[in-house]
Amino acid sequence: SVFFVCLAVELGTDMLELDCHMTKDEQVVVSHDANLRRSSGIDGKICNMSYSELPPYLGKLGVTFQRECFCEGGEDKRIPLLRDVFEAFPNTPVNIDIKINNDTLIKKVSELVIKYDREHLTVWGNASNQIVKKCYKENPRIPVLFSFPRVLQLLGLFYTGLLPFVPLKEQFLEIPMPSIITKLRDPNKLTRTQRFIAWLADTLLMRKALFDHLTARGIQVYIWVLNDEEDFQRAFDLGATGVMTDFPTKLKDFMDRNSISNPQ
């Protein structure tokens with residue numbers, strides 16, 4: 001279950017990004033989807049099953065965000081517990097997306113982070129501002145992500161010139177590069193409105209001055225999900241701390257060839 005994570009860490013990946021759900025018997029598991037259909041072929045929700053009832057992963061899984069790309073894992077098809085990841089990679093930073101607004105899940109993730117002495121190696125949150133607020137309240141020592149509403153507030157402060165005067169509790173900004181929509185979908189099938197929205201979002205979000213300001217304040221900026229070298233280059237030219245990718249080998253090769261150092 002941690003086969004691909006092992007490969008990523010071995011080649012020098014600096015941070016792992018994963019998503020957490022909770023089983024019926026309150027075990028914290030690593031899974032993007034709440035429903036198991038896509039990953040296991042079984043139509044059922046994780047929250048309705050105990051951990052022992054969870055089906056194994058399919059032998060062949062599609063890679064998110066990349067068209068017509070699949071991967072095959074190792075022998076262990078078990079859906080991993082979060083503690084499995086913490087035990088297997090004790091020194092690797094982990095970015096945790098709390099996928100459901102559940103107080104018990106948030107509390108249990110915090111307890112695991114404390115148990116494995118990972119408050120300095122963990123960042124957590126979600127696009128939901130409500131979830132991020134709960135995370136911060138549960139354990140303010142674990143850095144939090146900007147939620148989607150807070151990204152909008154951040155942009156408002158930036159474009160009005162007020163950002164330098166406003167304190168920020170978040171320590172990580174993770175945003176998409178809107179221009180990659182043309183690589184995920186056929187550009188000819190995008191409507192004029194969709195193209196305009198993508199252009200506008202890209203123009204507003206991808207700002208070097210914003211990234212430089214946040215970096216100077218100790219806030220790390222990561223751009224996702226980039227899988228092409230031209231997008232890697234653009235992200236680093238804009239001053240991003242790092243890139244989130246489906247293909248860490250490709251990113252590592254690019255960084256080595258261009259003498260781009262890993263973030264500290």
Side-chain angles (χ1 to χ4, degrees), residues 1-42 44-64 70-126 131 135 138-139 141-145 172 174 222 224-225 244-249:
S1 59
V2 292
F3 175 77
F4 293 109
V5 184
C6 288
L7 293 179
V9 172
E10 284 176 5
L11 65 87
T13 295
D14 300 293
M15 178 182 286
L16 305 174
E17 193 277 341
L18 53 82
D19 309 289
C20 283
H21 288 274
M22 190 172 63
T23 62
K24 187 169 64 175
D25 54 345
E26 298 188 347
Q27 297 293 309
V28 180
V29 297
V30 176
S31 174
H32 178 275
D33 298 348
N35 191 292
L36 295 160
R37 185 189 304 108
R38 188 161 65 110
S39 61
S40 71
I42 304 297
K45 291 186 176 181
I46 291 173
C47 63
N48 293 333
M49 301 181 189
S50 64
Y51 183 67
S52 61
E53 294 172 328
L54 294 180
Y57 279 126
L58 294 171
K60 191 175 183 181
L61 295 172
V63 176
T64 310
F70 295 87
C71 60
E72 295 186 31
E75 294 300 317
D76 186 3
K77 300 296 192 298
R78 196 171 49 94
I79 295 176
L81 294 163
L82 180 59
R83 71 165 185 253
D84 294 337
V85 177
F86 286 173
E87 289 175 357
F89 310 103
N91 301 312
T92 303
V94 175
N95 175 325
I96 300 174
D97 190 344
I98 304 294
K99 296 301 287 186
I100 56 173
N101 188 357
N102 183 293
D103 294 356
T104 303
L105 172 61
I106 292 169
K107 181 177 179 60
K108 286 189 171 293
V109 169
S110 177
E111 289 173 349
L112 285 167
V113 169
I114 294 170
K115 177 181 178 181
Y116 288 93
D117 190 24
R118 295 186 54 92
E119 288 175 316
H120 65 299
L121 290 173
T122 306
V123 55
W124 63 345
N126 183 264
I131 291 178
C135 288
E138 177 66 35
N139 190 340
R141 296 182 302 278
I142 305 175
V144 292
L145 302 162
F172 284 75
E174 295 179 0
Y222 293 90
W224 55 268
V225 169
M244 302 171 73
T245 181
D246 291 321
F247 304 105
T249 304

*Quick one: list whatever passes side chain to side chain contact (heavy atoms under 4.5 Å, CB included) with Leu121, sequence neighbours left out.*
Pro93, Arg118

*Report the distance from atom CG of Asp33 to atom OG of Ser39, rounding to the nearest 0.5 Å.*
6.5 Å

*Under the salt bridge (Lys or Arg N to Asp or Glu O under 4.0 Å) rule, collect the residues that match up with Glu111, sequence neighbours excluded.*
Lys107

_Once salt bridge (Lys or Arg N to Asp or Glu O under 4.0 Å) is applied, do any residues pair with Arg141, and if so which ones, sequence neighbours excluded?_
Glu119

Please list, one pair per line, the donor and acceptor atoms closer than 3.5 Å that link side chains of residues 44-54 to other protein atoms, with sequence neighbours excluded.
| residue | atom | partner | partner atom | Å |
| --- | --- | --- | --- | --- |
| Ser50 | OG | Ser52 | OG | 3.2 |
| Ser50 | OG | Glu53 | OE1 | 3.3 |
| Tyr51 | OH | Arg78 | NH1 | 2.8 |
| Tyr51 | OH | Ile79 | O | 2.5 |
| Glu53 | OE1 | Ser50 | N | 2.9 |

*Do Val94 and Leu18 come close enough that some side-chain heavy atom pair is under 4.5 Å?*
yes

*Got a sec, which residues hit side chain to side chain donor-acceptor pair (under 3.5 Å) with Asn102, two or more places apart in sequence or on another chain?*
none

*asked:* Among residues at least two apart in sequence or on other chains, which ones pass salt bridge (Lys or Arg N to Asp or Glu O under 4.0 Å) with Lys24?
replied: none

*Using side chain to side chain donor-acceptor pair (under 3.5 Å) as the criterion, list what pairs up with Glu87, not counting sequence neighbours.*
Tyr116

*With sequence neighbours left out, write down each residue that passes side chain to side chain donor-acceptor pair (under 3.5 Å) with Asp25, or none if nothing qualifies.*
Thr23

*Asp103: what forms a salt bridge (Lys or Arg N to Asp or Glu O under 4.0 Å) with it, not counting sequence neighbours?*
Lys134

_side chain to side chain donor-acceptor pair (under 3.5 Å) partners of Ser110, counting only residues at least two apart_ = Asn139

